[in-house]
Amino acid sequence: MGYDPRTATGVPTEPVGSLPRPAKLQEAYAKYDAGEIGRDDLEKLQDAAVKDSIERFEATGSPIISDGEQRWSSFATYPITDTLAGTGLAPGLGPDGQFFAIFADGHGRRLPKLERGPFRYNQHAADTLRKSIPYANRPMKQAVIAPSMLALLYPLKDPVEGYSRDEFEAALVDECERDIREAFAAGAERVSVDFTEGRLATRDDPRNPWTGAGLLPHFIELNNRVMARFSADERRNIGIHTCPGGDRDSVHSADVPYNNLLGTMFDIDAGYFLIQLASERDRDPVYETIGRNLRDARGVTQMAYIGVTNPQNPRVESPQEIADQLIRAANFIPKEQLGSTDDCGFSPFSIDEKPNHGSPDYARDVAFRKITSRVEGSRLAAEKLGV
């Protein structure tokens, strides 16, 4: 892999992954679930949205891009179902599993439920990346889902008959390793693992019992079981993403103290971390915690890519505002270990109305403007910091 994240901007900058799907594509997902259009019709619109995403992403000047996850049901469920409504659900899974999250505006997102083993992915991230990469003229990254998220497919208390949790998690770790390896083999220069459940794991919400079950140490252990299968050179290009969620312009854990997570998140042996921060009310204590906990992870000096744009807010941050955030962060985080990112994916779910923005199409326009500012702001910060 020849990608150098410092070449274009000095301060490395990288997206999380998702972009708002065009309203026309969101309508097509609903029609596909209703049986009103076929798979070929849906795939044509997905492909058009990917091509547009890549063209507009490259126009931002971003040194590395994604396909915006336009072909995915969601950041979490792409391996196990074709749509959010459950069309194409993987064998052994049924509807109405536990809530992954209940958001601040009151809506929730549910996962399927494991009903029988063995567990396998229906598809891997590389299956869509292979379709997207021919459109790209710049390096591409790929996001994948963490095994800790899909561990929630297994019922919290009731065992699955004939298939133990240990057997399930062993298969899950195998699948996550394969997801990462195949993404690199398909041409991804970087792979980040979505770990949005990390902060949520420290909340005790009686509406969502898994959040009060003390699962964070186990989540970190599961993620490290995957990291243990990769060399130091490989892990330099494997990241972990954390945020308080993002769906319908709402979040699920922004009010949970960040240090509940950050004190242990860097125990994951990843090479870099994409960390929501632009929307954080009090950033300095978070910067300080990050700087204190970054470490050498089995031969890899960890990097912190801090969030400098807020996907939930349609206001576009200026390049100077972004540069100022990075310069401030460098008071706490060594500048050689500092990068920039967006707080979250811009639209992690394929059906996302984006109420703060007024429409998904407008939110899509805003996303590219924010990315342009992030790239320009990172360059400004690099000049000031001398990197």
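Every value quoted in this text rests on a predicted model; they were computed, and no experiment measured them.
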Looking only at non-hydrogen atoms, find the nearest pair between D82 and Y29 and report the distance.
O-CE2, 4.1 Å

Measuring only between side-chain heavy atoms, which start at C-beta, is P20 closer than 4.5 Å to D352?
no

Spacing of S359 atom OG and D365 atom CG [to the nearest 0.5 Å]
8.0 Å

Closest non-hydrogen atom pair, R190 against R236
NH1-O, 3.3 Å

Which atom pairs, donor and acceptor, lie under 3.5 Å between side-chain atoms of residues 152-161 and protein residues at least two apart or in another chain?
residue	atom	partner	partner atom	Å
Y154	OH	V160	N	2.9
Y154	OH	Y163	O	2.8
Y154	OH	R165	N	3.3

Give a yes or no on whether the backbone of P79 and the side-chain of N122 come within a donor-acceptor separation of less than 3.5 Å.
no

Check whether any side-chain heavy atom of Y305 sits under 4.5 Å from a side-chain heavy atom of S192, and report yes or no.
no

Ignoring hydrogens and geometry beyond distance, is a side-chain donor-acceptor pair present between T77 and S73 at under 3.5 Å?
yes

Interatomic spacing from CG in L42 to CZ in R71 - rounded to 0.5 Å:
10.5 Å

I need the L129 CG to F184 CZ distance, nearest 0.5 Å.
11.0 Å

Between atom CG of L25 and atom CG of D361, what is the distance when rounded to the nearest 0.5 Å?
10.0 Å

Taking V193 as the starting point, is it possible to reach I80 by hopping between hydrophobic residues whose side chains are less than 4.5 Å apart?
yes

Whether F103 and H107 hold their rings parallel, tilted or perpendicular, with breakpoints at 30° and 60°
parallel

Exercise: identify the closest heavy-atom pair between I306 and A329
CD1-CB, 3.6 Å

Joint hydrophobic cluster, F75 plus F346, side-chain heavy atoms closer than 4.5 Å:
no

I333 and M303: same hydrophobic cluster, using ILVMFWY side-chain contacts below 4.5 Å?
no

Residues passing the side-chain contact (heavy atoms from CB on, under 4.5 Å) test with K31, sequence neighbours excluded, are E36, I37

Show me the donor-acceptor pairs, under 3.5 Å and distance only, between side chains in residues 263-276 and residues at least two apart or in other chains.
residue	atom	partner	partner atom	Å
T264	OG1	L261	O	3.3
D269	OD1	R295	NH2	2.6
D269	OD2	R298	NE	3.1
Y272	OH	E14	OE2	2.6
Q276	OE1	R199	NH1	3.1
Q276	OE1	Y258	OH	3.1
Q276	NE2	S279	OG	2.9
Q276	NE2	E280	OE1	3.0

Using a 4.5 Å cut-off on heavy atoms from C-beta on, say whether the side chain of E169 contacts that of F119.
no

Evaluate side chain to side chain contact (heavy atoms under 4.5 Å, CB included) for E189 paired with N237, printing each intermediate quantity in order.
CA-CA 7 Å; E189 295 287 353; N237 291 302; over 6 Å; no

Hydrophobic cluster of I102, others only, ordered by chain and residue number, side-chain cut-off 4.5 Å:
F99

Measuring from atom CZ of R369 to atom OG1 of T309, what distance do you get when rounded to the nearest 0.5 angstrom?
12.5 Å

Sidechain-backbone polar pair: D33 side chain, A30 backbone, donor-acceptor under 3.5 Å:
no

Side-chain contact, heavy-atom cut-off 4.5 Å: V191 with K141?
no

Is there a path of hydrophobic side-chain contacts, each under 4.5 Å between heavy atoms, that joins L89 and Y121?
yes

Say whether E197 and S148, considering side chains only, have a donor N or O and an acceptor N or O under 3.5 Å apart.
yes

Do L200 and V256 come within less than 4.5 Å of each other through their side chains, counting heavy atoms only?
no

So, the side chain of Q142 versus the backbone of A188: is there a donor-acceptor pair under 3.5 Å, distance only?
no

With a 4.0 Å cut-off, would you call E234 and R229 a salt bridge?
no

Rounded to the nearest 0.5 Å, how far apart are CG of N223 and CD1 of I238?
11.5 Å

Determine yes or no for a side-chain-to-main-chain donor-acceptor pair under 3.5 angstrom, with R225 supplying the side chain and D174 the backbone.
no

Considering residues at least two apart in sequence or located in another chain, which fulfil the side chain to side chain donor-acceptor pair (under 3.5 Å) criterion with N313?
none

Within the distance-only criterion (no hydrogens, no angle test), does the side chain of E336 pair as donor or acceptor with the backbone N or O of P334 below 3.5 angstrom?
no

Taking all non-hydrogen atoms of both residues into account, name the closest pair between T341 and P15 and its distance.
OG1-C, 3.9 Å

Listing request: all ring-ring contact (aromatic ring centres under 6.0 Å, His included) pairs with a residue in residues 217-240, at least two apart in sequence or in separate chains.
W210-F219

D179 and Y78: side chain donor to acceptor below 3.5 Å:
yes

The remaining residues in the hydrophobic cluster of V16, counting side-chain heavy-atom contacts under 4.5 Å among Ile, Leu, Val, Met, Phe, Trp and Tyr, are none

Quick one: do the Y135 and D67 side chains pair a donor with an acceptor below 3.5 Å?
no

Sub-3.5 Å donor-acceptor pair from the side chain of R283 to the main-chain atoms of A278, do we have one?
yes

Give the minimum heavy-atom separation between A143 and E69, together with the two atoms involved.
CB-OE2, 3.7 Å

Pair D52 + R56: basic N to acidic O under 4.0 Å:
yes

Any side-chain heavy atom of V50 sitting closer than 4.5 Å to one from K131?
no

Indicate the atoms forming the closest heavy-atom contact of D282 with V286, along with that distance.
O-CG2, 3.7 Å

Would you mind listing every salt bridge (charged side-chain N to carboxylate O under 4.0 Å, His left out) that reaches into residues 321-334, with sequence neighbours excluded?
D284-R328, R315-E321

For S53, which residues count as a side chain to side chain donor-acceptor pair (under 3.5 Å) partner, sequence neighbours excluded?
R364

Main-chain N/O of S373 paired with E317 side-chain donor or acceptor, under 3.5 Å:
no

Sequence neighbours excluded and cut-off under 3.5 Å, please list the side-chain donor-acceptor pairs for residues 375-387, or say none.
residue	atom	partner	partner atom	Å
S378	OG	S340	OG	2.7
S378	OG	R374	O	2.7
R379	NE	A8	O	3.2

Return yes if some donor-acceptor pair links the side-chain N/O of T7 with the main-chain N/O of Y3 below 3.5 Å, else return no.
no

Donor-acceptor contact present, side-chain R138 to main-chain F57, <3.5 Å
no

Go through the structure and list residues passing side-chain contact (heavy atoms from CB on, under 4.5 Å) with Q312, not counting sequence neighbours.
D249, V251, N310, K354

Just by distance, do the side chain of R178 and the backbone of H124 share a donor-acceptor pair under 3.5 Å?
no

Would you check if P360 and Q26 make a side-chain contact, meaning some heavy-atom pair closer than 4.5 Å?
yes

Heavy-atom side-chain proximity of L19 to I371 below 4.5 angstrom:
yes

Is L326 linked to V316 within one hydrophobic cluster, defined over Ile, Leu, Val, Met, Phe, Trp and Tyr using a side-chain heavy-atom separation of less than 4.5 Å?
no

Salt bridge (charged side-chain N to carboxylate O under 4.0 Å, His left out): which pairs involve residues 103-124, sequence neighbours left out?
R109-D247

